[in-house]
**Q** 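Structure provided below as structure tokens; questions to follow.
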Protein chains: 2
Amino acid sequence: MRSRPPLDRSLPLRERKKLRTRRALADAALRLFAEKGFDGTTLEEVAEEAEVSKSTFFRFFPAKEAAAVEAETELWTAYLDELARRDLAGPVLGELHQTLAVAIAGLDPDWDERFVATRLLVARESALLKYVEHNRARIRNQVVASLASKLGLEPEDLRLPVLAELATTAFTLAARPWVYQDGRGGRQALLERHREAIKAIPGSLELTAPPRDANRDRPDRRG
Amino acid sequence: MRSRPPLDRSLPLRERKKLRTRRALADAALRLFAEKGFDGTTLEEVAEEAEVSKSTFFRFFPAKEAAAVEAETELWTAYLDELARRDLAGPVLGELHQTLAVAIAGLDPDWDERFVATRLLVARESALLKYVEHNRARIRNQVVASLASKLGLEPEDLRLPVLAELATTAFTLAARPWVYQDGRGGRQALLERHREAIKAIPGSLELTAPPRDANRDRPDRRG
DNA sequence: CTCTGAATAAGACTGAGTGTCAAAATCGGG
DNA sequence: CCCGATTTTGACACTCAGTCTTATTCAGAG
């Protein structure tokens with residue numbers, strides 16, 4: 001991994017210590033899971049690596065999975081925070097795009113690296129995938145509630161979950177190739193891909209299959 | 001619950017017994033989880049209710065959650081099967097809609113009731129929600145792969161996951177109110193809601209927030 | 001009826017996650 | 001600087017999902 005950035009000096013000493021422990025646990029989890037696999041690593045090992053006990057681990061994270069996906073969690077938390085403080089004007093999908101872009105821009109400088117490592121791990125470990133999928137679903141529900149309140153719409157309006165879904169889906173799809181290139185181009189490249197993905201959405205709805213038997217059974221790889 | 005439909009007479013006796021055991025386990029899980037909660041029920045209790053052992057349970061289901069969501073699984077399996085055998089023509093989103101509609105129409109007559117019970121339980125038990133969310137994600141990936149092959153597109157084409165996502169999201173949203181009315185109107189009502197949800201998608205993209213300060217801080221419930 | 005291979009039961013075992021309790025660190029007030 | 005209250009922590013015990021190993025049962029073939 002790499003050395004940690006200095007902790008915010010303004011925090012009381014106790015809080016700083018807590019943050020250090022939290023980061024030590026998250027780092028240890030990420031590193032050990034990457035080395036020996038999620039199932040091949042026990043919680044005791046993670047705790048020992050961070051020089052705390054198993055019970056301390058559970059005071060910081062609700063589950064084994066959570067420690068490995070801190071970067072994910074930070075992202076979506078920042079997204080919700082930004083959405084809460086934002087005034088919406090214009091097309092809602094565009095606003096959600098901007099909201100997420102602003103949230104990303106405001107993350108810690110070392111977030112890129114941790115996020116890439118997290119996503120690479122998540123792609124290999126289905127237990128972690130399950131966890132982040134569920135987390136994303138929870139975020140979407142909160143986005144729907146927040147939008148409904150801001151726009152004065154009923155929370156049952158089907159358009160809201162559709163938009164919330166599209167916004168997170170677009171980001172996730174945009175992030176995938178960026179991650180597999182180890183975050184090449186940095187955060188700017190990620191934001192650019194994100195923009196492209198959002199732009200591609202309307203065209204998706206128009207995608208049309210070729211007429212019946214231009215190419216019968218299977219188009220078989222190359223058209 | 002209710003009495004089971006008769007099992008297919010054509011199957012060898014052994015296979016029929018297996019199916020009976022499977023159903024007994026699924027029924028027991030659904031009933032016990034509804035009664036005493038998912039966490040409040042142990043696997044031993046489920047197994048005992050179905051008069052088999054814990055190890056037998058795991059030969060039919062990969063996890064505690066799986067037994068309670070058989071109806072979900074049947075739905076999405078039928079969806080994938082139908083998609084595999086289908087020739088696509090015209091707008092892809094419409095085709096996915098039709099695919100799912102046909103799949104639903106072909107399910108067992110008792111599916112409605114089991115599906116409603118399953119969804120009501122899933123809404124209350126986050127462990128089950130997690131499980132079905134992950135299952136839906138797996139299905140979507142397979143839909144993307146299937147579409148890419150049928151349409152002769154690269155699997156990296158961003159439009160495919162967007163469409164797959166929209167198709168399952170629309171159904172899930174459509175099913176929610178139907179489930180909360182205990183499946184009133186039967187399968188036809190569900191299909192009708194499904195149609196409406198799909199129709200609402202293009203309009204979602206156009207949803208626009210009112211100009212900046214028509215109603216400053218919060219639209220506060222009613223516009 | 002017996003043989004065989006598959007299905008099943010029984011139960012030991014691992015590790016996640018929870019709860020309890022006592023020791024230790026931290027802090028406020030004198 | 002010290003003392004008592006409060007909070008944080010580690011050690012430990014416990015439950016239960018899920019895996020594995022071994023022994024038993026049973027449907028079906030000869």
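No hydrogens, no waters, no symmetry mates; every other heavy atom, side chains included, goes into these values. None of the values given here were measured: they were computed from a predicted structure. Chain letters run A, B, ... following the sequence lines, proteins first, then strands; residues in each count from 1.
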**Q** Using side-chain heavy atoms (C-beta onward) and a distance below 4.5 Å, is A:L151 in contact with A:D157?
**A**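 Heavy-atom side-chain distance check fails, nothing below 4.5 Å.
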**Q** Between atom CZ in A:F58 and atom P in C:dT20, what is the gap in whole Å?
**A**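 Atom CZ in A:F58 sits about 16 Å away from atom P in C:dT20.
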**Q** Inspect the contact between B:E48 and B:K54 and indicate whether a charged nitrogen and a carboxylate oxygen are less than 4.0 angstrom apart.
**A**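 Salt bridge absent between B:K54 and B:E48.
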**Q** Any salt bridge linking A:R114 with A:E74? Criterion: basic side-chain nitrogen under 4.0 Å from a carboxylate oxygen.
**A**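 So A:R114 pairs with A:E74 through a salt bridge.
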**Q** With the side chain counted from C-beta on, respond yes when A:Y79 and A:I104 share a heavy-atom pair under 4.5 Å apart, and no when they do not.
**A**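 No. Closest side-chain heavy atoms not under 4.5 Å.
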**Q** Side chain of A:F60 only, please: which of D:dT9, C:dG17, D:dA17 is the nearest?
**A**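 Looking only at heavy atoms from C-beta outward on A:F60, the closest nucleotide is D:dT9.
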**Q** Remember a base hit wins even if backbone is also touched, and classify A:T41 as base, sugar-phosphate or nothing at under 4.0 Å, heavy atoms.
**A**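 Sugar-phosphate contact only.
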**Q** Which whole-number value in Å describes the distance from A:K18 NZ to C:dA25 P?
**A**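 After rounding, the reported distance stands at 17 Å.
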**Q** Taking CZ from B:F33 and C1' from D:dC16, how many angstroms apart are they, rounded to a whole number?
**A**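 The distance from CZ of B:F33 to C1' of D:dC16 comes to 13 Å, rounded to the nearest Å.
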**Q** Keeping to residues at least two apart or across chains, list the ring pair (Phe, Tyr, Trp, His ring centres under 6.0 Å) pairs with something in residues 115-142 of chain A.
**A**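 For residues 115-142 of chain A: A:W111-A:F115.
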**Q** Between atom NZ in A:K130 and atom P in D:dG18, what is the gap in whole Å?
**A**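 Rounded to the whole Å, the gap is 8 Å.
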**Q** Output yes when a side-chain donor or acceptor of B:R187 lies under 3.5 Å from a complementary backbone atom of B:L107, and no otherwise.
**A**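 Yes, the answer is positive, given that a donor and an acceptor are paired below the 3.5 Å cut-off.
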**Q** Calculate the interatomic distance between A:F61 atom CZ and C:dG17 atom C1'; express it in whole Å.
**A**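 So the CZ-C1' distance, A:F61 to C:dG17, works out to 16 Å.
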**Q** To the nearest Å, how far apart are B:K64 NZ and C:dA16 P?
**A**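 It works out to 18 Å between those atoms.
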**Q** Give a yes/no answer on whether the side chain of B:R59 brings an N or O atom under 4.0 Å of OP1 or OP2 in C:dT8.
**A**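 Yes, such a contact exists.
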**Q** Just how far, in rounded Å, is P of C:dA16 from CG of A:L25?
**A**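 My rounded result for the distance is 14 Å.
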**Q** Go through residues 42-54 of chain B and report each residue with a non-hydrogen atom lying under 4.0 Å from DNA chain D, sorted by number.
**A**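 Nucleic-acid contacts, sorted: B:T42, B:L43, B:E44, B:K54.
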